[in-house]
Enquirer: 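My structure is below; once you've seen it, I'll send some questions.
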Protein chains: 2
Amino acid sequence: MGDTIQSVERAAAILRLLASGPRLLGVAELARALGLPKGTLHGILRTLVKVGFVEQDAATGKYRLGATLLHLGSSYLDVNELRTRSLNWADALAGRSRESAWIGTLHEGHVLVIHHVFRPDDSMQTLQVGTYLPAHASALGKVLLAHDPYGEAAPPLAPHTGRTLVDPGALERELDQVRARGWAAEMEELVEGEVALAAPIKDPRGIVVGAIGIRGAVERLADGDAPRMEFVSYVRDAARAITRSLAH
Amino acid sequence: MGDTIQSVERAAAILRLLASGPRLLGVAELARALGLPKGTLHGILRTLVKVGFVEQDAATGKYRLGATLLHLGSSYLDVNELRTRSLNWADALAGRSRESAWIGTLHEGHVLVIHHVFRPDDSMQTLQVGTYLPAHASALGKVLLAHDPYGEAAPPLAPHTGRTLVDPGALERELDQVRARGWAAEMEELVEGEVALAAPIKDPRGIVVGAIGIRGAVERLADGDAPRMEFVSYVRDAARAITRSLAH
DNA sequence: TCCCGTCGTTCGACATTGTCGAACCCCTAG
DNA sequence: CTAGGGGTTCGACAATGTCGAACGACGGGA
């Protein structure tokens with residue numbers, strides 16, 4: 001035995017592939033992507049189907065993710081201490097700012113959204129919990145990158161709007177600023193017309209374990225090129241409150 | 001090889017145990033629960049940690065679910081065709097009824113919530129997507145049980161309120177009624193003061209693949225002991241609309 | 001302070017376990 | 001009707017994961 005169980009790793013790789021797009025994948029397709037024989041993959045898939053992690057389309061025989069994963073994912077939310085501790089503060093932040101509130105953590109180079117409160121009095125928003133935001137093009141991401149202990153080799157800085165920071169040097173200078181002043185802003189760098197603010201949440205040892213912020217229309221959150229400072233304080237207040245409550 | 005990969009199955013069992021409660025579990029604890037040697041479990045856990053499905057607590061060395069699962073779970077939502085097709089209708093149903101709207105499927109004897117729209121103009125609700133409702137004590141569950149092809153051996157009928165149906169015979173009669181009239185009601189059988197209504201969603205072959213419904217305060221949704229029929233039509237309209245749209 | 005029990009972890013021999021590729025059947029397209 | 005691709009099955013092989021004992025660290029009780 002090396003030091004890691006091959007079949008389990010392969011099963012995980014299959015799940016990740018299935019999750020990478022809404023398309024159903026067939027045995028042959030997966031075999032090509034992973035460079036494994038079809039028979040091998042079939043065995044793993046059969047097992048994954050049995051435990052409910054994968055479902056097989058009755059019509060085409062192709063495979064997709066299974067419902068059990070949805071349940072496991074929502075169980076993760078219960079386990080995540082940062083999230084459970086932050087629920088009330090995120091609600092309060094959304095209430096004070098009257099904007100949508102977000103909590104995220106760094107995960108595999110992206111920002112994983114672990115909580116999301118809709119903007120008050122505004123329906124028709126889709127919940128983003130469990131989705132990724134680009135780290136370099138979101139306020140949450142800037143906060144997390146700025147305090148990331150590993151420097152987390154940045155993936156290619158994909159442009160999302162004309163204002164997205166795509167130059168590594170420019171991003172680095174921005175992160176310096178974030179570290180210096182303790183909060184981050186993202187001015188229409190992810191979606192035209194949207195602005196986001198965020199501040200770091202720290203554990204008792206001072207390590208940044210997450211970020212909380214808000215996102216909303218540029219005309220409400222910004223004044224010219226700069227964010228409105230009242231919203232910055234809302235966000236920083238919330239971050240400080242959560243940091244304090246994490247100190248047991 | 002039997003017909004299923006042992007290590008993958010064991011990995012899944014570990015994940016399910018970790019998901020069964022918010023408590024962190026140690027190697028020894030898992031070994032006892034699964035009746036396996038500690039060393040074996042450690043190998044699987046190490047692999048699960050590597051792929052991000054499990055995280056190890058730095059302080060205690062115990063294990064909990066990992067963030068990757070949250071992302072996989074939310075990917076499932078994108079893949080689920082029933083859900084993506086129903087999003088707009090659920091929004092519309094919540095809007096017309098001014099109550100929270102729910103969509104669920106039967107999964108391992110429970111109702112798995114795959115979509116949930118908050119009640120309009122009412123914040124401070126927590127999202128229930130990915131959680132289970134008891135099948136025998138919810139309107140969604142009654143609809144799904146009534147049309148379940150396998151008869152799905154009912155787990156023990158746990159009481160939630162004084163009005164929960166705990167007698168298998170009574171439940172069976174209720175299901176007969178649901179089948180006959182095409183919709184289900186749940187009158188304070190899960191939570192005191194709350195009433196729910198639901199109707200079946202069918203695929204092109206006529207098989208029930210899910211249910212949609214609403215849930216709200218008894219004083220709004222019911223009139224004495226009976227549900228208000230206007231809400232019943234809202235729900236049935238939505239269910240029919242989705243059924244129709246599933247016919248491509 | 002010491003000791004004991006428990007925890008997570010490591011290790012190496014063993015044989016169980018999963019791997020692999022060819023062959024199979026079914027379906028669709030041409 | 002054929003050809004090609006899909007998902008699936010099968011059995012021999014050896015690579016693979018399993019197992020239990022032993023290790024070091026931690027922590028609570030006396």
Side-chain angles (χ1 to χ4, degrees), chain A residues 1-18 20-66 79 81 204-205 248, chain B residues 1-18 20-66 79 81 204-205 248:
Chain A
M1 168 167 60
D3 59 344
T4 176
I5 294 182
Q6 192 185 52
S7 48
V8 173
E9 245 181 336
R10 290 178 174 176
I14 292 175
L15 293 176
R16 247 196 286 269
L17 275 177
L18 289 175
S20 67
R23 242 180 66 260
L24 276 66
L25 299 179
V27 173
E29 216 165 346
L30 290 165
R32 252 178 280 115
L34 296 174
L36 293 172
K38 281 194 298 177
T40 304
L41 269 157
H42 182 69
I44 302 178
L45 282 168
R46 194 174 35 207
T47 310
L48 288 174
V49 168
K50 188 186 175 197
V51 298
F53 286 21
V54 160
E55 289 167 5
Q56 185 169 25
D57 189 77
T60 66
K62 293 184 183 301
Y63 295 90
R64 61 165 156 258
L65 293 181
V79 174
E81 192 188 349
R205 292 164 308 179
H248 283 176
Chain B
M1 168 166 60
D3 58 344
T4 177
I5 295 182
Q6 192 185 54
S7 49
V8 173
E9 247 182 335
R10 290 179 173 176
I14 291 175
L15 293 177
R16 248 195 286 269
L17 275 178
L18 288 175
S20 67
R23 242 180 66 259
L24 276 65
L25 299 180
V27 173
E29 215 165 345
L30 290 165
R32 250 179 282 113
L34 296 173
L36 293 173
K38 280 194 299 177
T40 304
L41 269 156
H42 182 69
I44 302 178
L45 282 168
R46 194 173 36 206
T47 310
L48 288 174
V49 168
K50 188 185 174 198
V51 298
F53 286 20
V54 160
E55 289 167 5
Q56 185 168 23
D57 190 78
T60 65
K62 293 184 184 302
Y63 295 90
R64 62 166 156 259
L65 293 181
V79 174
E81 192 188 349
R205 292 164 309 180
H248 286 176

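Chain letters run A, B, ... following the sequence lines, proteins first, then strands; residues in each count from 1. The shown structure was predicted, so the numbers you read here are calculated from the model rather than taken from an experiment.
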Enquirer: Measuring to OP1 and OP2 of D:dC19, would you say a side-chain N or O of B:Thr40 lies under 4.0 angstrom away?
Expert: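 Affirmative; the distance criterion is met.
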Enquirer: Would you say that B:Glu55 contacts A:Val79 through its side chain, given a criterion of any heavy-atom pair below 4.5 Å between the two side chains?
Expert: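 No - every pair of side-chain heavy atoms lies 4.5 Å or more apart.
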Enquirer: Can you tell me which nucleotide in C:dT17, C:dC20, D:dG17 comes closest to the side chain of A:Pro37?
Expert: C:dC20
Enquirer: Which whole number of Å gives the distance between the P atom of D:dC13 and that of C:dC14?
Expert: 22 Å
Enquirer: Separation of A:Arg23 atom CZ from D:dG6 atom P, in whole Å?
Expert: 12 Å
Enquirer: Please state how far atom CD1 in A:Ile44 lies from atom P in D:dT16, giving the value in whole angstrom units.
Expert: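 After rounding, the reported distance stands at 13 Å.
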Enquirer: Can you tell which of C:dT9, D:dT18, D:dG6 lies closest to the side chain of A:Lys62?
Expert: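 Taking heavy atoms from C-beta onward, the closest nucleotide is D:dG6.
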Enquirer: Pair A:Phe53, B:Leu15 - check side-chain contact (heavy atoms from CB on, under 4.5 Å), show working.
Expert: CA-CA 11 Å; A:Phe53 286 21; B:Leu15 293 177; 3.7 Å; yes
Enquirer: Measure the distance from CG on B:Leu45 to C1' on C:dT9 and round it to the nearest whole Å.
Expert: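 Checked: the CG to C1' distance equals 12 Å.
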Enquirer: Give a yes or no on whether a donor-acceptor pair under 3.5 Å exists between the nucleobase atoms of C:dG8, that is its base, and the side chain of B:Lys38.
Expert: yes
Enquirer: Could you state the atom-to-atom distance from CG of A:Leu36 to C1' of C:dT19 in whole Å?
Expert: 10 Å
Enquirer: Are A:Tyr63 and A:Val27 close enough that some pair of their side-chain heavy atoms sits under 4.5 Å apart?
Expert: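 A side-chain contact under 4.5 Å exists here.
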Enquirer: How many Å lie between CD on A:Glu55 and C1' on D:dG7, as a whole number?
Expert: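 Answer to the nearest Å: 18 Å.
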Enquirer: Identify which nucleotide among D:dG7, D:dT18, C:dT19 has an atom closest to any side-chain atom of A:Ala28, counting heavy atoms from C-beta outward.
Expert: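 Ranking D:dG7, D:dT18, C:dT19 by closest atom to the A:Ala28 side chain puts D:dG7 first.
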Enquirer: Looking at B:Arg32, I'd like to know whether one of its side-chain N or O atoms comes within less than 4.0 Å of OP1 or OP2 on C:dT6.
Expert: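 B:Arg32 to C:dT6 OP1/OP2: no side-chain N or O under 4.0 Å.
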Enquirer: From C-beta outward on A:Gln56, which listed nucleotide comes closest to its side chain: C:dC20, D:dT8, D:dC19?
Expert: D:dT8
Enquirer: Would you say B:Leu17 and B:Leu34 make side-chain contact, with heavy atoms under 4.5 Å?
Expert: yes
Enquirer: Using the closest heavy atom to pick a nucleotide of DNA chain D for each, name whichever of A:Val27 or A:Gln6 lands nearer the 5' end.
Expert: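 The residue mapped nearer the 5' terminus is A:Val27.
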Enquirer: Rounded to the Å, how far apart are B:Lys50 NZ and D:dG17 C1'?
Expert: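 To the nearest whole Å, that distance equals 15 Å.
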Enquirer: Could you give the CZ-to-P distance, from B:Arg64 to C:dG8, as a whole number of Å?
Expert: 14 Å
Enquirer: Which nucleotide sits closest to the side chain of A:Arg46: C:dC20, D:dT8, D:dT9?
Expert: D:dT9
Enquirer: Distance between the P atoms of C:dT16 and C:dG12, in whole angstroms?
Expert: 22 Å
Enquirer: Base, sugar-phosphate, or nothing for A:Gly26, non-hydrogen atoms under 4.0 angstrom?
Expert: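 Touches sugar-phosphate only.
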Enquirer: Describe the nucleic acid contact of A:Gly39 in one word from base, sugar-phosphate, nothing, applying a heavy-atom distance below 4.0 Å.
Expert: base
Enquirer: Indicate yes or no: at least one non-hydrogen side-chain atom of B:Leu30 is less than 4.5 angstrom from one of B:Leu45.
Expert: yes
Enquirer: Quick one: A:His42 NE2 to D:dG11 C1', roughly how many Å, whole number?
Expert: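 Computing the A:His42:NE2 to D:dG11:C1' distance gives 15 Å.
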Enquirer: Within a strict 4.5 Å, meaning less than it, do heavy atoms of the B:Val8 and A:Arg10 side chains meet?
Expert: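 With C-beta onward as the side chain, the pair stays apart.
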Enquirer: For the side chain of A:Arg10, starting at C-beta, report the closest nucleotide among C:dC20, D:dG7, C:dG8.
Expert: C:dC20
Enquirer: Can you tell me if B:Tyr63 touches the phosphate of C:dC7, counting only side-chain N or O atoms and a distance under 4.0 Å to OP1 or OP2?
Expert: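 No.
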